[in-house]
Q: 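Following this message is one structure expressed as structure tokens.
Below, chain A is the first sequence line, B the second, and so on; all start at residue 1. These numbers were taken from a predicted model, which means no experiment stands behind them.
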Amino acid sequence: MRVHDTYSGKLVELPPPPGPVGIYWCGPTVYRRIHVGNALAVTVLPLWLKRWLEHRGYETKVVVNITDINDKIYDAAPGHSAELASDATRWYIEDTDRLGLGRPDVEPTAAETVPEQIALIEQLLAGGFAYEVEGDVYYRVASFPEYGRLSRQRLDAMEEQEPNPLKEDPRDFALWKANKPGEDTWWESPWGKGRPGWHIECSAMSEKYLGTSFEIHGGGLDLKFPHHENEIAQSRALGHGFARIWMHNGMLSMRGTEMHKSIGNDVSLADALDRWGRETLLFFFLTGHWRKPLDYSEETLEQARAQLEGFRNVFRSPSEPVGDWSELEAALDDDFNTPEALAVMHGWRDHELLRRAFGIFGLGSIAEVEEAPAELAALAEARMAARGSKDFAEADRLRGEIEAAGWEVRDVAEAPGYRLVRRS
RNA sequence: GGCGCCUUGGCCGAGUGGUUAGGCACAGGUCUGCAAAACCUGGUACACCGGUUCGACUCCGGUAGGCGCCUCCA
């Protein structure tokens, strides 16, 4: 198994099974219901990866954090941010549970990891990688020569948007922020009341659950800079190996523009699930390669639905021993190429093989062919009899009755000569 | 302005220095009382301009268009 690593820009081989493979994936900031793009980046990809690696014999541990301390939360709920974070965490769990992919092994929150974050900040201060100013603590970017390597940013080309006179260097970033009026949550620290900056939480949580060196760190491409760059600066300054491989997924877009809350073109995961159902939505994610942008639209979802219907028809027909599992493994072992995997699966007719393949993606349910109610089967039998006596008017009337009940009757060669299929 | 990515037939979407990707849709056909499903057939597509090469969609350079990031967006 090999995957593309942003840091080196190359395909990197994973160690042979059983690993173990520690995976840290950047999770959501909880201040409202997550949207479809979030779902892909924080839930679907890490859990699919986990499922595939485990199929391949790896021991995995997937950590997906929950960011419950953030400016957005304070802004969204002045005076009661803790309640909002708590509510939004619950929504997040509810919505992503509907995807039916299971849950990460650990889902730590930033708030519960504050002591570990403070400890890391103290180490950075002791090492000269950070400095305190008026209750804030900043990371000294100039102290870390590797800064900018992940995102291939030139330090001297970076610009500061809002000059902060407290910083030694405009590129420095906050590790700890002194409590400000209106911020209703805070923690005691050696630097007074305040709360951690954004980036330090991921260094703390990943190292707490995966150790100071682990295999994979993932997240949306938009997090590459500054978030992941800063995580590297924090952890590696302390001599920690940190993540060996960096996976950055492409963004979900709508008509070519990134789906984003602030643009207002986002569709909530809950709404998408209501509109398309979990199977079509998950299948849609399968149609694109994880590193490329994926366009969420009526047309692309409809194509996913039609393609999935084709696979359902395979399960409705007799199984044939056509299919080669090793071709699927080759596709997915090569940078988790799901479009290629689907192309392979399109040639298969072996129910058991297909069921296993879909099962990895949480889509084993499509193999379950729904049995028609007895009264509809009786109508279908009556129609067969009418056809037998060439009473086609009656046969068509019975077909209409079956269709009115939401089912479709198809004539087939094998017994009993017809097949009832729920219309989708 | 800086950094990076992308541009494949109506649509989605892999991939490779020379061999049919695959799917969706569409058209014709087989089957069927009809229909649906299934199966068969039907498109030499790789933004543009140069270069390297025996040969480029695939490598290099440039142009155009699109996208992402450039201090708290997954």
Side-chain angles (χ1 to χ4, degrees), chain A residues 6 9 25-29 34-46 64 67 69-72 138-139 141 148 151-154 156-162 164 167 170-174 177 197-199 201 218-227 229-230 248-253 256-263 266 284 287-289 291-295 297 299-314 316-317 331 334 337-347 387 390-393 395-396 399 403 408-413 418-419 421 423:
Chain A
T6 311
W25 211 277
C26 277
T29 298
I34 65 164
H35 65 242
V36 190
N38 295 320
L40 173 61
V42 310
T43 299
V44 175
L45 285 174
V64 180
T67 297
I69 306 171
N70 189 287
D71 285 349
K72 286 181 183 297
Y138 294 98
Y139 186 95
V141 167
S151 55
R152 293 170 173 75
Q153 294 278 328
R154 288 171 44 117
D156 54 19
M158 295 179 191
E159 298 166 17
E160 170 74 352
Q161 291 188 335
E162 292 176 47
N164 179 342
K167 294 181 181 178
R171 299 163 310 196
D172 292 347
F173 59 91
K177 295 179 174 184
W198 177 36
H199 317 295
E201 67 176 63
L221 192 55
D222 55 335
L223 295 180
K224 185 168 65 173
F225 188 92
H227 186 51
E229 194 74 69
N230 292 350
H248 288 106
N249 65 272
M251 308 305 283
L252 193 72
S253 62
T257 302
E258 176 187 328
M259 182 180 287
H260 190 75
K261 289 163 184 168
S262 64
I263 299 172
D266 59 310
F284 163 67
T287 63
H289 186 102
R291 280 199 285 126
K292 288 200 171 182
L294 184 62
D295 202 57
S297 70
E299 192 174 17
T300 53
L301 266 294
E302 179 53 39
Q303 286 187 16
R305 196 203 58 72
Q307 204 172 326
L308 185 56
E309 185 63 15
F311 279 111
R312 282 203 173 87
N313 282 330
V314 175
R316 289 168 180 141
S317 306
D334 186 12
N337 191 335
T338 55
E340 179 66 28
L342 283 182
V344 167
M345 289 161 67
H346 269 293
R387 289 181 67 214
K390 305 249 187 258
D391 185 355
F392 298 122
D396 289 347
R399 176 165 59 200
E403 287 176 354
E408 175 185 325
V409 61
R410 296 176 183 169
D411 297 339
V412 297
Y418 64 88
R419 179 179 300 141
V421 174
R423 302 168 87 188

Q: Using the P atoms only, state how far A14(B) lies from A21(B), rounded to an integer number of Å.
A: 15 Å
Q: Is the ring pair Tyr139(A)/Phe173(A) parallel, tilted or perpendicular, if the boundaries are 30 and 60 degrees?
A: parallel
Q: Say whether, by atom type as modelled, one donor and one acceptor occur between the side chain of Thr67(A) and the main chain of Gly27(A) under 3.5 angstrom.
A: no
Q: Would you say Lys292(A) places a side-chain N or O within less than 4.0 Å of OP1 or OP2 belonging to G15(B)?
A: no
Q: Can you check the distance between C24(B) and C31(B), where both ends of the measurement are the P atom (answer in whole Å)?
A: 23 Å
Q: Are the side chain of Arg419(A) and the backbone N or O of Arg316(A) linked by a donor-acceptor pair below 3.5 Å?
A: yes
Q: Regarding Leu45(A), tell me which of base, sugar-phosphate or nothing describes its non-hydrogen contacts under 4.0 Å with the strands shown.
A: nothing
Q: Ignoring the backbone of Phe173(A), work out which of C73(B), U71(B), A74(B) is nearest its side chain.
A: U71(B)
Q: Need one value for Thr67(A): base, sugar-phosphate or nothing, where a base atom within 4.0 Å counts as base even if backbone is also close, heavy atoms only.
A: nothing
Q: Please report the distance separating the P of U16(B) from the corresponding atom of C57(B), rounded so that it comes out in whole Å.
A: 16 Å
Q: Round to a whole Å and report the spacing from CD of Glu299(A) to P of G13(B).
A: 10 Å
Q: Nearest to the side chain of Leu252(A), which nucleotide is it out of C73(B), A74(B), A25(B)?
A: A74(B)
Q: Nearest whole Å is fine: how far is U71(B) P from Arg171(A) CZ?
A: 12 Å
Q: How far, in whole Å, is C6(B) from A45(B) if one measures between their P atoms?
A: 23 Å
Q: Return the value, rounded to whole Å, for the distance between atom NE2 of His35(A) and atom P of A74(B).
A: 7 Å
Q: Would you say G68(B) has OP1 or OP2 under 4.0 Å from some side-chain N or O of Lys224(A)?
A: no
Q: In whole Å, what separates the P atom of G43(B) from that of U20(B)?
A: 13 Å
Q: As a test of reading the structure: which of U7(B), A25(B), C69(B) is closest to the side chain of Ala306(A), going by heavy atoms?
A: A25(B)
Q: Taking 4.0 Å as the cut-off, does a side-chain nitrogen or oxygen of Asn337(A) come that near to OP1 or OP2 on G15(B)?
A: yes
Q: Rounded to whole angstrom, note down the P distance from C59(B) over to C46(B).
A: 16 Å
Q: Answer yes or no: is there a side-chain heavy-atom contact under 4.5 Å between His35(A) and Asn38(A)?
A: yes
Q: Determine: side-chain N/O of Thr29(A) to OP1/OP2 of A74(B), distance under 4.0 Å, yes or no.
A: yes
Q: For U19(B) and C69(B), measure between their C1' atoms and round to the nearest Å.
A: 40 Å
Q: If I take atom CG in residue Leu221(A) and atom C1' in nucleotide C70(B), what distance separates them, rounded to the nearest angstrom?
A: 13 Å
Q: Nearest-nucleotide wise, let me know which of Pro28(A) and Leu342(A) is further upstream toward the 5' end of RNA chain B.
A: Leu342(A)
Q: Scan nucleotides 30-42 of chain B nucleotide by nucleotide, 5' to 3', and note B when protein non-hydrogen atoms come under 4.0 Å of the base, S if they reach only the sugar-phosphate, - if neither.
A: ---BBBBSSS---
Q: Rounding to the closest angstrom, what is the interatomic distance between C48(B) and C12(B) at atom C1'?
A: 24 Å
Q: Determine the contact category for His289(A): base if any of its heavy atoms lies under 4.0 Å from a base atom, sugar-phosphate if only primed atoms, P, OP1 or OP2 are that close, otherwise nothing.
A: sugar-phosphate
Q: Given pairs defined as Watson-Crick or G-U wobble with both distances under 3.5 Å, what dot-bracket annotation applies to RNA chain B, with ( ) intrastrand, [ ] crossing, | other strand and . unpaired?
A: (((((((..(((.....[...))).(((((.......)))))....(((((..]....))))))))))))....
Q: Contact class for His346(A) (heavy atom, under 4.0 Å): base, sugar-phosphate, or nothing?
A: sugar-phosphate
Q: Report the distance from atom CG of Asn70(A) to atom P of A74(B), rounded to the nearest whole Å.
A: 8 Å
Q: Rounded to whole angstrom units, what separation is found between the NE2 atom of His227(A) and the C1' atom of U71(B)?
A: 12 Å
Q: For the base of C11(B), is there a side-chain donor-acceptor partner from Gln303(A) under 3.5 Å away?
A: yes
Q: Send over the distance from Leu223(A) CG to U71(B) C1', rounded to a whole Å.
A: 13 Å
